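Here is how names work: the chains are called A, B, and so on, in the same order as the sequence lines, proteins then strands, and each is numbered from 1. Quick caveat, the model's predicted, so the values are computed rather than measured.
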Amino acid sequence: MAYWLMKSEPDELSISGLKKLGHTRWDGVRNYQARNFLRAMAVGDQFFFYHSSCPEPGIAGIGKIVKAAYPDPTALDGKSPYFDAKATEEKNTWSALDVAFVEAFPNVLGLGFLKQQAALEQMPLVQKGSRLSVMPVTDEQWAAVLGLR
DNA sequence: GCCAACGTTGGC
DNA sequence: GCCAACGTTGGC
């Protein structure tokens, strides 16, 4: 089993939103590096749910993968903000997967706080200029974050 | 709203 | 294949 971190704008989907839904499709990823990580995810893998572009950016909880990557339907949907004119039914570059709620942290672990943790300094998340929205998390980093809850 | 940093596009 | 211009991300 592998560990990951995925960013979401809470206005779009927050950890409490995922809790209410139970499970949902994770779609709209339009970056090749992030997409390749999506495709590497297996059913049962867990991920830190990160809130981005909001008043309190940080890790807000945990989710898990319940269905491995498949072609992202939003790329073919002209009404979707994630529509990609170059994508077709036969050749859809983009991937989505299904995730489920696991846990909401009692408090969001803020980005500033995470940056203070020596155990996390290798994470792209805390590195200057990094905009990667899906990234792997090592066993050690996973355990370190769990210890901060 | 600002802006640094990055990824993508497209002319050459 | 280079690289300038542009668009986007995301923290502040």
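- Across all strands shown, A:Ser52 has heavy atoms under 4.0 Å from sugar-phosphate atoms exclusively, and none from any base.
- Residue A:Arg30 places no side-chain atom within donor-acceptor reach of the base of C:dT8, judged by atom type and a 3.5 Å distance cut-off alone.
- As a whole-Å value, the separation of A:Met135 CE from B:dC6 C1' is 14 Å.
- Distances shown here put every side-chain N or O of A:Tyr32 at or beyond 4.0 Å from the OP1 or OP2 atom of B:dC6.
- A straight line from NZ of A:Lys7 to P of B:dC6 spans 12 Å, rounded to a whole angstrom.
- Distance, A:Glu56 CD to C:dG10 C1': 16 Å, rounded to whole Å.
- One atom, CG of A:Asp11, and another, P of C:dG10, lie 14 Å apart when rounded to the nearest Å.
- Side chains of A:Tyr82 and A:Asp77: no donor on one and acceptor on the other come within 3.5 Å.
- Rounded to an integer number of Å, the gap from CG of A:Asn31 to P of C:dT8 is 14 Å.
- When rounded to the nearest whole Å, the span between NZ of A:Lys86 and P of B:dT8 equals 10 Å.
- Here B:dT8 presents its C1' atom at 10 Å from CH2 of A:Trp94, a figure rounded to the nearest Å.
- Residue A:Pro57 has its side chain nearest to C:dG11 when only C:dG10, B:dT8, C:dG11 are considered.
- Nearest heavy atoms, A:Gln141 versus A:Gln122: NE2-CB, 3.8 Å.
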Tell me, with the steps shown, if A:Arg35 and A:Thr93 meet side chain to side chain contact (heavy atoms under 4.5 Å, CB included). CA-CA 9 Å; A:Arg35 182 211 64 186; A:Thr93 314; 3.3 Å; yes

Does A:Phe105 form a side chain to side chain contact (heavy atoms under 4.5 Å, CB included) with A:Phe48? I'd like the steps, not just the answer. CA-CA 10 Å; A:Phe105 292 170; A:Phe48 288 129; 4.1 Å; yes

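- Taking every side-chain heavy atom of A:Lys128 into account, B:dA4 is the closest of C:dC12, B:dA4, C:dT9.
- At whole-Å resolution of the value, CG in A:Leu132 and P in B:dT8 are 11 Å apart.
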